[in-house]
Amino acid sequence: MAIDNYNVIDISIIIPLYKGAKYCNRLTDLIKINCLYQDLYKECAVEVIFVNDYPSEAVILEKENRLFGIRYFANNKNKGIHASRVIGVKNARGRYIMMLDQDDLVKENWIYSQWVKIRETQSAICICNGWKERFRILRENKIFEHEINNKGNFFTNGNPIISPGQAIIKRDCIPDEWIDNIQHINGSDDFLLWILMSKKGYGFSLNKEFLYYHTPERTKDSIDIIHMIKSEREMLKILENIGVLSIKEVSDFSNYLNTLEINSRKKSKHKDFKMFDIMRKWINIKNQGVQLADFFYKYQYNHIAIYGMGYIGESLYYEICNSRVYIDYAIDKSQEIMDFKGELPILKWEDSFSDVDVVVITLVEDYEEVIKNLKEKLSCPIITIESLILELYTINIS
């Protein structure tokens, strides 16, 4: 379908930028790949709307191409991500809206799969699954489907939809209340949108394909739980002022935020310090020119398995995957673990474990039970990332 006929735009993709010029080429390349998937561009007209919310940075974009149109708006001052998304929506010409953050990644069939699914279900909004880390999926599909369709759960357990990048929305179904009530604390304007749409009676359909990757390049706003709580408190005030919540919903959500804040502050004191200490030592030995692979060479551990594919597990994988040490597989009990690139086998407890030279546990606490269980299934040495780094640190850092 020719993109010069802007009266028949099917999808508008809105991308706010904040110090985001460095991401633009990657984003346009991702969308090109999507438009070429199944020759989507021949039957679906796509426009991409960039909204620059950092006025002092010049953004240079390529000219329009045969696959999709590109439009650009620049705020005259920093207005925040909600206001920038609203500017995109107001200027959008598509029948459907998709949104991306500047550091998001998506699969090559992200647009195609979402476009097919929302038309198939005739829903107002369709949510896809994806990853929140390289090896950790956002939700197991059965749980996810329940969460997005149990709207009371929004007020007792928080937002199950991690990003608007998971959604395709009928433009006409975006509530005016979301357009007119701008959040100033970044983080939860998408949650505000989901709640307002649910209050309008719109159904949420689930696309069970894994299409979206919430990358670890997030800004401080999006990874700081205390900041997110402040943003959600602002969201709650907006919802109260609009008058769309029941007394119970206000009470439930207030209690949820209070409990979340208390637990987050408690949890961060111990576990986060241990993670920080491990990563600090890790950086120090790297600065001395020492690689973790040196540890495995020393003990002739040529084939390893990694237990736990969170932040530390992912960092360990990246450090040694290009060495002479071979990572046979990873082990993780969570059902939300899957390799974004489909390269590393991820095993569960019920799977059979092939022999390796060593298993490295990347947990920083409460790993005694894991060691015990692993010893019942494997005869090789089992070590912790903490002990591995401590040995290298002690030898190489005076």
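Any value given below was found using the heavy atoms of this structure, including those in side chains, with hydrogens, waters and symmetry copies removed.
A donor and an acceptor atom, one from each side chain of S12 and E47, are located under 3.5 Å apart.
For the pair R324 and Y297, the distance from NZ or CZ to the six-membered ring centre is under 6.0 Å and the angle to the ring normal is within 45 degrees. Annotation: cation-pi geometry satisfied between K107 and F340 (NZ/CZ under 6.0 angstrom from ring centroid, within 45° of ring axis). A cation-pi geometry, defined here as NZ or CZ lying under 6.0 Å from the six-membered ring centre and within 45° of its normal, holds between K151 and F204.
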**OP:** Take K286 and E319, measure what salt bridge (charged side-chain N to carboxylate O under 4.0 Å, His left out) needs, and give me the verdict at the end.
**Re:** CA-CA 10 Å; K286 284 178 71 70; E319 169 140 349; 3.3 Å; yes
Original post:
Do N34 and E108 pass the side chain to side chain donor-acceptor pair (under 3.5 Å) test, and can you show the C-alpha distance, the side-chain angles, and the key distance before you say yes or no?
Top reply: CA-CA 5 Å; N34 267 263; E108 68 277 2; over 6 Å; no
**OP:** Report the C-alpha distance between K117 and E209 in whole Å, list the side-chain angles of each, state the deciding distance to 0.1 Å, and finish with yes or no for salt bridge (charged side-chain N to carboxylate O under 4.0 Å, His left out).
**Re:** CA-CA 10 Å; K117 189 69 175 181; E209 286 204 68; over 6 Å; no
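D294 has its side chain out of reach of I285: every pair of non-hydrogen atoms, C-beta onward, lies at least 4.5 Å apart. At a threshold of 4.5 Å between non-hydrogen side-chain atoms, the residues F296 and V360 count as touching. Counting heavy atoms from C-beta on, the side chains of E249 and K199 come closer than 4.5 Å. Put simply, the side chain of D277 does not reach to within 4.5 Å of the side chain of K274, judged on heavy atoms.
We find that D39 and K42 are joined by a salt bridge, their nearest charged nitrogen and carboxylate oxygen being less than 4.0 Å apart.
Residues I185 and I179 do not share a hydrophobic cluster, defined by chaining ILVMFWY side chains whose heavy atoms lie under 4.5 Å apart. Clustering ILVMFWY residues whenever any of their side-chain heavy atoms sit less than 4.5 angstrom apart, transitively, puts I346 in a cluster other than the one holding V359. One hydrophobic cluster, built from ILVMFWY side chains closer than 4.5 Å, cannot hold both I361 and I312; they sit in different ones.
Sorted pairs that involve residues 359-389 and meet ring-ring contact (aromatic ring centres under 6.0 Å, His included), not counting sequence neighbours, are lacking altogether.
Panel note: side chain D332, backbone I337; no donor-acceptor pair is recorded below 3.5 Å. Put simply, the side chain of D328 never gets that close to the backbone of A305: no donor and acceptor are under 3.5 Å apart. Under a 3.5 Å cut-off, the side chain of Q114 and the backbone N or O of I111 do not form any donor-acceptor pair. For E57 (side chain) and A21 (main-chain N/O), a donor-acceptor pair under 3.5 Å exists by modelled atom type.
Tested against W110 for a side chain to side chain contact (heavy atoms under 4.5 Å, CB included), the candidates I13, L30, I168, D104 yield a single pass: I13. Among the candidates Y54, F50, Y23, the single residue satisfying the ring pair (Phe, Tyr, Trp, His ring centres under 6.0 Å) test with Y18 is Y54.
The aromatic ring centroids of W131 and Y212 lie 6.0 Å or more from each other.
When every heavy atom of Y329 is checked against every heavy atom of L344, the shortest pair comes out as CA-CD1, 4.0 Å.
Note on ring orientation: taking the six-membered ring where Trp is involved, the planes of F253 and F155 are perpendicular (angle over 60°, cut-offs 30° and 60°). In this structure, Y299 and Y301 have parallel ring planes: the angle between them is below the 30° cut-off, well short of the 60° mark.
Heavy atoms from other residues, nucleotides or ligands lying under 6.0 Å from OH of Y72 number more than 12.
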